[in-house]
Enquirer: 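Below: one structure in structure tokens.
We use all heavy atoms of the structure for the numbers below, so side chains are in, but hydrogens, waters and symmetry mates are not. Below, chains carry the letters A, B, ... as their sequence lines are ordered, and counting in each starts from 1.
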Amino acid sequence: MASKRPTVLGKRSSPPLQLPRSKRSCVRVPGRRNVPPTWGVGKGDAAAGWNQLELTGQRGYPHSIIWALHQHKLGGAPRISFQHCLQKAFLYSLDCYRIFRTASPFDRRTTCLEWHPTHPSTLAVGSKGGDIILWDYEVLDKTYFVKGIGAGGSITGMKFNPLNTSQLFISSVAGTTSLKDFLGNTIRVFTSTDTWDYWYTSVDVSAKSRVVVTGDSMGNVILLNMDGKEIWNLRLHKKKVTHVALNPLCDWLLATASVDQTVKIWDLRQVRGKSSFVYQMPHERAVSAAYFSPDGAKLLTTDQHSEIRVYSASHWACPQHLIPHPHRHFQHLTPIRATWHPRYDLIVVGRYPDPNFAGFTPNELRTIDLFDGSSGKMMCQLYDPDSSGIISLNKFNPMGDTLASAMGYNILIWSHREIVTRKQEGLIKVMSEQGLGRGGSAHQPSPRNRPRQN
DNA sequence: AATCGATGTGTCC
DNA sequence: TGGACACCCTCGAT
């Protein structure tokens, strides 16, 4: 096998990428070429933007758990569960969500986002250059930064090790799926390519059945045990595998998405080849993501053009909802992926307005859209005019009260205005005590993207 | 198999 | 300030 170096086929013209890059080696860590990383505190006030609610029913009532309990007790319609009341209360509260903190720690686009499974204000974010940051946004400067190789290092998938949350499973264009810690040590390499002709595109892990699954850009899916022993490696798709996801409850159920325009569901215990799937879901376009819902009962897929789908376990064969939504693919954009809220039947996804999309309206904004998973209806949009880029990645934290977004080079943290205000006061105090204060107020907005300003 | 076009975001001049 | 251009290997159409 050829060494992992530029190839004619790959059209790579730069020197071998595994060598230290003279241009990059002296660059401070973290940091952009000539721009220091930026860390921002959101404005958190009402003027910061608008969030548009499209709920039916009354407004202006404190939509809290108390409200939900009250509603439930009133029991207007018996089929409306307490859970549903809670979800409604949560949707109302989104009206008050603001950007709480921002960070722009990389010298390339953000490609990957993963919340810490237990620590509520900590997340890992990966970049196109292979950098990874572990960031606790509630504590100033509490970050770990693992430097990547630069060009060609792109992080394609991340998953915290469920058995040791100081470690991350990482798949990368640089040619490995491996387990690393935040000091940069490689604990184990699960698979590697010795060529730039293909690379790994996604990882998932099951603590229960102790397996690691990874997909590659040729359509192969590899199943390994936690010790790194390969169980099988099979070409399950005709084109690049874009996403692999294990069912959180049923750990032998695997979903794979591909640019071959299919999503396939597999029984891990009996995979023999391309056609041994349990279900196949043909799509209109290449598919970027297929996430099982937290309760394992649904599957959410995002294609590369203008469709989000919800499938239900009761009937995998046919989608429960086809949701039209503009999020077309573009070479220099991190593919947009819709994700589930961890507690409610809600879907979050970034909008990339498209004049050719059927529902296009002039002056459409690059919002974050929330859909109800059971009705398929859009319930709410989040928007901040100071962060007007396309928001490719959106994930709620495991608690479900904070949203992390990836917008180009930037990471945005959204939470409830009251919490934002309270916490920001504390942060600004600490900043000014440490001489980091910026006139005692938040960042000055930049015309395009506030987080880039410093 | 090879070529082309789409068209976001940041840097440099 | 605005325009050129890099990014670096994406995907669909031809």
Side-chain angles (χ1 to χ4, degrees), chain A residues 4-18 21 23-24 27 31-38 102 104-111 127-131 148-156 172-175 193 195-202 216-219 237-243 257-262 283-289 302-306 326-337 350-357 364-366 386-393 405-412 446-454:
Chain A
K4 187 114 180 138
R5 64 175 64 243
T7 60
V8 175
L9 194 70
K11 288 188 231 164
R12 285 175 193 267
S13 52
S14 49
L17 297 178
Q18 280 177 327
R21 341 209 83 213
K23 270 189 192 166
R24 309 212 48 75
V27 174
R32 229 167 285 131
R33 258 185 293 278
N34 291 310
V35 186
T38 59
T102 62
S104 312
F106 303 129
D107 62 354
R108 280 164 224 264
R109 265 166 36 207
T110 296
T111 53
S127 87
K128 190 111 178 70
D131 301 341
I149 61 165
S154 194
I155 305 297
T156 52
S172 153
V173 173
T193 70
T195 162
W196 284 100
D197 295 348
Y198 70 100
W199 57 90
Y200 299 102
T201 54
S202 182
D216 75 22
S217 58
M218 302 290 281
H237 284 278
K238 288 184 189 143
K239 292 184 181 176
K240 182 203 273 183
V241 174
T242 51
H243 193 207
S258 168
V259 326
D260 71 6
Q261 313 194 349
T262 65
H283 284 60
E284 293 298 315
R285 296 291 190 122
V287 190
S288 290
T302 312
D303 78 352
Q304 294 191 351
H305 195 70
S306 53
H327 51 255
R328 85 202 111 114
H329 175 89
F330 176 58
Q331 183 183 5
H332 301 299
L333 249 192
T334 298
I336 291 173
R337 293 176 155 191
R351 173 177 294 248
Y352 176 13
D354 179 359
N356 297 122
F357 173 65
E364 205 171 296
L365 296 167
R366 278 120 80 130
D386 293 330
S387 298
S388 57
I390 294 162
I391 302 176
S392 297
L393 268 18
S405 305
M407 179 187 81
Y409 286 40
N410 310 293
I411 311 163
L412 315 175
S446 109
R448 277 194 78 84
N449 295 325
R450 172 160 45 102
R452 299 207 45 74
Q453 183 68 246
N454 202 2

Enquirer: Indicate, with a heavy-atom threshold strictly under 4.0 Å, whether A:R109 touches base, sugar-phosphate, or nothing.
Expert: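 Result for A:R109 = nothing.
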Enquirer: Given atom CZ of A:F106 and atom P of B:dT9, what is their separation to the nearest angstrom?
Expert: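 In whole Å, B:dT9 P and A:F106 CZ are 17 Å from each other.
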Enquirer: Could you measure the distance from the NE2 atom of A:H329 to the CZ atom of A:R285? Nearest 0.5 Å is fine.
Expert: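 Spacing of NE2 (A:H329) from CZ (A:R285) equals 11.0 Å.
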Enquirer: Applying side chain to side chain contact (heavy atoms under 4.5 Å, CB included), name anything that partners A:E284, two or more places apart in sequence or on another chain.
Expert: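 If we apply the side chain to side chain contact (heavy atoms under 4.5 Å, CB included) test to A:E284, skipping adjacent residues, the hits are A:E307, A:R309.
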Enquirer: Identify, with sequence neighbours excluded, every residue that meets side chain to side chain donor-acceptor pair (under 3.5 Å) alongside A:H305.
Expert: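 Counting only residues at least two positions away or on another chain, A:H305 forms no side chain to side chain donor-acceptor pair (under 3.5 Å).
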Enquirer: Which residues pass the side chain to side chain contact (heavy atoms under 4.5 Å, CB included) test with A:T334, not counting sequence neighbours?
Expert: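 Only A:R109, A:T111, A:S392, A:L393 meet the side chain to side chain contact (heavy atoms under 4.5 Å, CB included) criterion with A:T334.
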Enquirer: Output the single nucleotide from B:dT9, C:dC8, B:dT7 whose closest atom is nearest the side chain of A:R328.
Expert: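 Among the listed nucleotides, the one closest to the side chain of A:R328 is B:dT7.
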Enquirer: Give every pair of a protein N or O atom and an N or O atom of nucleotides 12-14 of chain C that lie under 3.5 Å apart, one pair per line with the distance.
Expert:
none

Enquirer: Would you kindly give the CG-to-P distance between A:D197 and B:dA1, to the nearest whole Å?
Expert: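 For the pair A:D197 CG and B:dA1 P, the rounded distance is 14 Å.
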Enquirer: Using the C1' atom in both, what is the distance from C:dG3 to B:dT7, to the nearest Å?
Expert: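 15 Å, rounded to whole Å.
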Enquirer: Taking the nucleotide of DNA chain C with the closest heavy atom to each, which residue, A:H329 or A:H332, is nearer the 5' end?
Expert: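 Upstream on the strand: A:H332.
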Enquirer: Between B:dG8 atom C1' and A:Y352 atom OH, what is the distance in whole Å?
Expert: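 Interatomic distance, OH of A:Y352 to C1' of B:dG8: 6 Å.
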Enquirer: Please report the distance separating the C1' of C:dC9 from the corresponding atom of B:dC4, rounded so that it comes out in whole Å.
Expert: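 After rounding to an integer number of Å, I get 15 Å for this pair.
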Enquirer: Could you tell me the separation between the CD1 atom of A:I155 and the C1' atom of C:dC9, rounded to a whole number of Å?
Expert: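 Interatomic distance, CD1 of A:I155 to C1' of C:dC9: 16 Å.
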Enquirer: What distance do A:S306 atom OG and A:R328 atom CZ have between them, rounded to the nearest 0.5 Å?
Expert: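 Output value for this atom pair is 10.0 Å.
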Enquirer: So, is A:K240 close to the C:dT10 phosphate, meaning a side-chain N or O under 4.0 Å from OP1 or OP2?
Expert: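 Looking at the OP1 and OP2 atoms of C:dT10, one of them is under 4.0 Å from a side-chain N or O of A:K240.
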Enquirer: Which one, B:dA6, B:dG10, C:dC9, comes nearest to the side chain of A:K128?
Expert: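 The closest nucleotide is C:dC9.
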Enquirer: Whole angstroms only, please: what is the CG-C1' distance between A:L333 and B:dG5?
Expert: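 Result: 16 Å.
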Enquirer: Please report, rounded to the nearest Å, how far the C1' atom of C:dC11 is from the CD atom of A:Q331.
Expert: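 After rounding, the reported distance stands at 9 Å.
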Enquirer: For A:T242 and A:G129, take the nucleotide of DNA chain C holding the closest heavy atom to each; which residue's nucleotide lies nearer the 5' end?
Expert: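 Looking at the nearest nucleotide for each, A:G129 comes out on the 5' side.
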Enquirer: For A:S217, which residues count as a side chain to side chain contact (heavy atoms under 4.5 Å, CB included) partner, sequence neighbours excluded?
Expert: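 For A:S217 the side chain to side chain contact (heavy atoms under 4.5 Å, CB included) partners, ignoring immediate neighbours, are A:Y198, A:W199, A:T201, A:K240.
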Enquirer: Could you tell me how far B:dT9 sits from C:dG12 if I compare only their C1' atoms? Round to whole Å.
Expert: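 C:dG12 and B:dT9 have their C1' atoms separated by 23 Å.
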Enquirer: Send over the distance from A:W196 CH2 to C:dT10 P, rounded to a whole Å.
Expert: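 Taking CH2 of A:W196 and P of C:dT10, I get 12 Å after rounding.
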Enquirer: When the distance from CE of A:M218 to P of C:dT10 is rounded to whole Å, what number comes out?
Expert: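 Spelled out: CE on A:M218 to P on C:dT10 is 12 Å.
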Enquirer: By side chain to side chain contact (heavy atoms under 4.5 Å, CB included), which residues pair with A:T156, not counting sequence neighbours?
Expert: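 Testing A:T156 for side chain to side chain contact (heavy atoms under 4.5 Å, CB included), a comparison that skips the adjacent residues, returns A:S171, A:V173.
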Enquirer: Say you pick atom P in B:dA6 and the same atom in C:dC8; how far apart are they, in whole Å?
Expert: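 My reading of the P atoms in B:dA6 and C:dC8 gives 22 Å.
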Enquirer: Quick check: does any side chain N or O of A:T302 sit under 3.5 Å from a backbone N or O of A:A289, one acting as donor and the other as acceptor?
Expert: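 Not at all, since once roles are kept as given, no pair shorter than 3.5 Å links the two residues.
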